[in-house]
Amino acid sequence: MPKKIIFKHLLAIRWMHWINFPVLTIMIWSGMLIYWANDVYQVKIGNNTLITFFPNWFYTYFHIPYRLAEGMAYHFVFMRLFFINGLLYVLYTIFSGEWRYLLPNRHSFKESFQVVLYDLHLSKIKPLQTKYNAAQRVAYSMVIFMGFGSLLTGIAIYKPVQFGWATAICGGYAAARTIHFILTVGYVLFFVIHVVQVLLAGWNNFRAMVAGFEITEEKDIATEAD
Amino acid sequence: MKEIIVDDKKAVQYKRRSWLSFVVFFAMNGLAYSAWKWLFGQPNNANGTKTLLRKGMETNESIFSHLFNEDKLAKEYPTDEAAKKPRVNGNLGLNNSFDAAQWKLNVVKATGDVLAISLEEIKKLPKVQVVFDFKCIEGWDQVTSWGGVRFSDFIKHFNLTKQQAMQYVGMVTPDEKYYVGIDMPSMLQPQTILCYEMNDAPLPINQGYPLRLIIPVKYGVKHIKRISTITFADTKPKDYWAENGYDYYTGH
């Protein structure tokens, strides 16, 4: 029976995607080792503390305390991989024309609400799915933009005199650190949603991120081919 | 997206290709995991970190010390924004048996050639005030106000031009328990001062009386309190925190 092969992700994109995963994991982990030394961030409403970054059980569980030097060493070595991989991804996306599938267009923001409603089973209208649907366009573009934000705030923290302009753009040194932290929380949230969506999307979708293509049975194609 | 319709024979080939991709994928996962295990399992050297990480820090140092521009100044603030009681974050090198009356700054010009300078002599040099955002390696920062003499003025005044041609400056506390090594370009940056005042008053004991370093292009760990001896060298002088796994350069 004839099958349909759908070529989805280019080889370079797949490599950069999978390289980014362990590198970003190491960046987040070493970032937590650094953050522990001055763990001042909290989410508060009035006088009520909703979230403390981080509670003691969290530090104990992940063996975080007293590892500032180690965290800085890993962070400032692996930042180079994160930077180079991200830069190559952006350049490749621009020059290969892949940005056409990735960047949101003027319909994407409205349509992404329809995707969310559909995914939450609140709407039965199936949204348009090409390589990426509207919500994917918005989410994936945003995460790249966040990567740029991490780079900017990172350099603003790392070299606040030599790259004083970056520190100024971020609204100062302390603000740069806060944004850097918030972006990291953003990655973790992105990761959770991303993994759930990949699990729900199924095998063929996952295969496309590894092998590059989907293989689908198309019964109606068979009749056409006859 | 490109799509093609294939017959059964071709489809088998694509399935094979798909499997091959997964074999490569898992092999790469294994490789990455082993590489991480290897790196993470490396023992720490005497300097408190792994050889590869130390090399990484040194590469960063060579990149960013080349980018260093001494004309770029740390942002300065109005005096009234400075903290009235700046945070005290360390007392390494500040033992209690210190006799301030006996204190002099020892500048080692060459082996056996030591210049002993009193606080009064230092105070005769032009005083500059630096109000900047002090940044601790732990992550906190605080706007603080300091007064003292520019290190570059100090060098000129005491005819240390030959020493200035060297690459590093080393500084040690009287009890030799705390010590820093700093690259010369950062020392000559115009905001780097030998500091004897905080908030327009003499330095408190816990802030390094009689003389400390203020160097806004470095993290707080380099702002050594209660300096006793200054040396010059072309190799890196020993540095307390660099011996404990931290980056030597820690420059801003």
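Lettering follows sequence order; numbering is per chain, from 1.
- For B:Ala74, the parts lying near chain A are the backbone and the side chain together; criterion is any non-hydrogen pair under 4.5 Å.
- You'll find the ring centres of A:Tyr140 and A:His194 inside the 6.0 Å limit.
- For A:Phe21, no part lies under 4.5 angstrom from a heavy atom of chain B.
- Neither the backbone nor the side chain of A:Trp36 comes within less than 4.5 Å of any heavy atom of chain B.
- Taking the ring centroids of B:Tyr178 and B:Tyr240, they lie under the 6.0 Å cut-off.
- Both the backbone and the side chain of A:Arg207 come within less than 4.5 Å of a heavy atom in chain B.
- Less than 6.0 angstrom separates the ring centroid of A:Phe58 from the ring centroid of A:Phe62.
- When the candidates A:Ala174, A:Ala168, A:Gly172 are compared by the number of heavy-atom contacts under 4.5 Å with chain B, A:Ala174 comes out ahead.
- For A:Tyr35, no part sits under 4.5 Å from any heavy atom of chain B, backbone or side chain.
- Only the side chain of A:Trp15 comes within less than 4.5 Å of a heavy atom of chain B; its backbone N, CA, C and O stay farther away.
- Within the 4.5 angstrom heavy-atom criterion, atoms from both the backbone and the side chain of A:Pro160 approach chain B.
- Residue contact with chain B, scored on non-hydrogen atoms closer than 4.5 Å, is absent for A:Arg100.
- Seen from the ring of B:Phe40, B:Lys50 counts as a face-on cation partner, given the 6.0 Å and 45° thresholds.
- Interface residue A:Ile5: backbone and side-chain heavy atoms are both found under 4.5 Å from chain B.
- A side chain to side chain contact (heavy atoms under 4.5 Å, CB included) with B:Lys218 is found for one member of B:Ile137, B:Asp183, B:Leu213 and no other, namely B:Asp183.
- A side chain to side chain contact (heavy atoms under 4.5 Å, CB included) with B:Arg150 is found for one member of B:Val130, B:Ile155, B:Val128, B:Leu194 and no other, namely B:Val128.
- Cation-pi geometry between A:Lys3 and B:Tyr14 is not met at under 6.0 angstrom from the ring centre and within 45 degrees of the axis.
- Note on B:Phe22, B:Trp140, B:Tyr219: by heavy-atom pairs under 4.5 Å with chain A, the leading option is B:Phe22.
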